[in-house]
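So that the names make sense, note that chain A is the first sequence line, chain B the second, and so on, each numbered from 1. These values consider heavy atoms only, across backbone and side chains, with no hydrogens, waters or symmetry-generated copies.
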Protein chains: 2
Amino acid sequence: MSLSKFFVLCVLHQKPMHGYEVVQAVEQTTKGCCSPTEGTVYPMLNEFEAGGYLTSHFDVVQGRERKVYTLTEKGTIAFQTAVDAWLEATDCIIASKAAAGALAISYDKAEPPCE
Amino acid sequence: MSLSKFFVLCVLHQKPMHGYEVVQAVEQTTKGCCSPTEGTVYPMLNEFEAGGYLTSHFDVVQGRERKVYTLTEKGTIAFQTAVDAWLEATDCIIASKAAAGALAISYDKAEPPCE
DNA sequence: TCTATATACATCGATGATCGAGGCATCGGC
DNA sequence: GCCGATGCCTCGATCATCGATGTATATAGA
C-alpha cells in the first residue's frame, strides 16, 4: 500500500468525506508531506469503492452535488492492519533514531534525496 | 520521499552496509511491508551518493569486493527530518485510530486495496 | 567435480503509479 | 461580469519500480 492510499483511508477513518475534501484533508493531515492530486485521488476512491473498501452516496449541499465516501468494514480492517504495520515500523525507526538527536522540521522541506 | 528511500536511509542510519545487505535489511526491518528490489536499491544508492547523502568505499571480504555505503551528515539530517515527519503522521494516525480497536496482522497480508 | 544457492554488483525495458492540464459545472465575493 | 473556490472527472506525459538479465565468486551438498 502506498502512502497516498494509506492517508486516504486514514482521513476517511475519521469521518466520511467527499472527494475534494479528501484531497484537502490528506494534505493538511500530513502537512504537505503527502499531497496526492485530484488526478490520483478520484481514481483511487473509485478503485477503493470497486474493491469494497468504501461506499458512496450523493448528497446535495446548497444545490450542489457531492459524492460522499464512507469506509466499509473491509476498509476499516485494511486501515487498521496498515496502522499496525506503521506502528511496528515506528518502533524500528525510533530504535534507529536513538543514537541521534531529533530535528523539528518537515522532511519534505529538508531537500530529500533525488525526486 | 518514498517509503523505500526512507527505509534505505533508516537501515544505513543503524550502520554502514553494502548494497546487497541494504536490500535484505530493509525487507527484514519492515517485515516485508517495504521490499524494494535490487533494481530499485542499487540505482537509489548511487543517486544518494551523487546527492551527497552517502559516501562509499570498497572493502574486500574473503576475496570478494563490497561497496560499503555510509550515511553522511547531510544524509543523517535528511533521515532525521523524515523521522520527525513520520512521528507527526503517527500522532495523527493514532488519533484517527482511537475510535477503533487494533488488529495484530501485517497490512501487506491484509489484501490491501487495488495494487 | 558438478550443481544449486547465496552473495555481490549492475542495467534497462516493461509495467505501474502519479501528476497536472484540461474539461464541465455552480457558488460566492468583488 | 470576472475570478477563485468548490466539486467532479479523464488521460497523456512523466516518474518510480520491478524483474529479467548479465557477470562473477563463495559455499554447501551430492
Which of parallel (below 30°), tilted (30 to 60°) and perpendicular (above 60°) describes B:F79 and B:H13?
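Aromatic pair B:F79/B:H13 classed tilted.
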Both B:E65 and B:N46 contact DNA chain C. Taking the nearest nucleotide for each, which residue is further toward the 5' end?
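Per heavy-atom nearest nucleotide, the more 5' residue is B:E65.
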Closest approach of B:G19 to B:V41 (non-hydrogen atoms, all atoms of both residues)
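For B:G19 versus B:V41, the nearest heavy atoms are O-CG1, 4.4 Å.
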Write down the atom of B:P36, the atom of B:V23, and the distance for their closest heavy-atom approach.
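Heavy atoms of B:P36 and B:V23 come nearest at O-CG1, 3.8 Å.
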Would you indicate which nucleotide in C:dA8, D:dT17, D:dC18 comes nearest to any side-chain atom of B:K5?
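Among C:dA8, D:dT17, D:dC18, the one nearest the side chain of B:K5 is D:dT17.
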Nearest to the side chain of A:Q24, which nucleotide is it out of C:dC9, D:dC8, D:dT6?
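That would be D:dT6.
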Side-chain ion pair, B:E21 and B:K15, N-O less than 4.0 Å
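Yes.
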Identify whether any heavy atom of B:S35 sits under 4.0 Å from a base atom; if not, whether one sits that close to sugar-phosphate; answer base, sugar-phosphate or nothing.
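Sugar-phosphate: the residue B:S35, judged by heavy atoms under 4.0 Å, touches backbone atoms but no base.
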Please compare A:V61 and A:G39 by the position of their nearest nucleotide in DNA chain D and report the one closer to 5'.
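The residue mapped nearer the 5' terminus is A:V61.
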Length of the line joining [X]:[atom1] and [N]:[atom2], which is rounded to integer Å:
X	N	atom1	atom2	answer
B:L45	D:dA16	CG	P	16 Å
A:M44	C:dC19	CE	P	8 Å
B:F58	C:dA8	CZ	C1'	10 Å
B:Y69	C:dC9	OH	P	7 Å
B:E27	D:dG19	CD	P	11 Å
A:D59	D:dT6	CG	P	18 Å
A:E49	D:dC8	CD	P	12 Å
B:F6	D:dA16	CZ	P	18 Å

Any side-chain N or O of [X] under 4.0 Å from OP1/OP2 of [N]?
X	N	result
B:S4	D:dA16	no
A:Y20	D:dC8	no
A:Y42	D:dC9	no
A:T37	C:dC19	yes
B:T40	D:dA16	no

For nucleotides 27-30 of chain C, list the nitrogen or oxygen atoms of the protein found under 3.5 Å from its nitrogen or oxygen atoms, one pair per line.
from: C:dC27; atom 1: O4'; to: A:R64; atom 2: NH2; distance (Å): 3.0

Going by side chain to side chain contact (heavy atoms under 4.5 Å, CB included), A:C92 matches just one of B:Q28, B:Q14, B:K31. Which one?
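Answer after filtering B:Q28, B:Q14, B:K31: B:Q14.
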Option passing side chain to side chain donor-acceptor pair (under 3.5 Å) with B:S56 (candidates B:E49, B:R66, B:K67)
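Among B:E49, B:R66, B:K67, the one that satisfies the side chain to side chain donor-acceptor pair (under 3.5 Å) with B:S56 is B:E49.
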Do the side chains of B:V22 and A:I93 join up, straight or via other hydrophobic residues, at under 4.5 Å, putting them in one cluster?
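The answer is yes; both residues are in one hydrophobic cluster.
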Hydrophobic cluster membership, B:L71 vs B:W86, 4.5 Å side-chain cutoff:
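Same hydrophobic cluster.
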On the side chain of B:E38, is there an atom forming a donor-acceptor pair with the base of D:dC18 - under 3.5 Å, no angle test?
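A donor-acceptor contact between them is absent.
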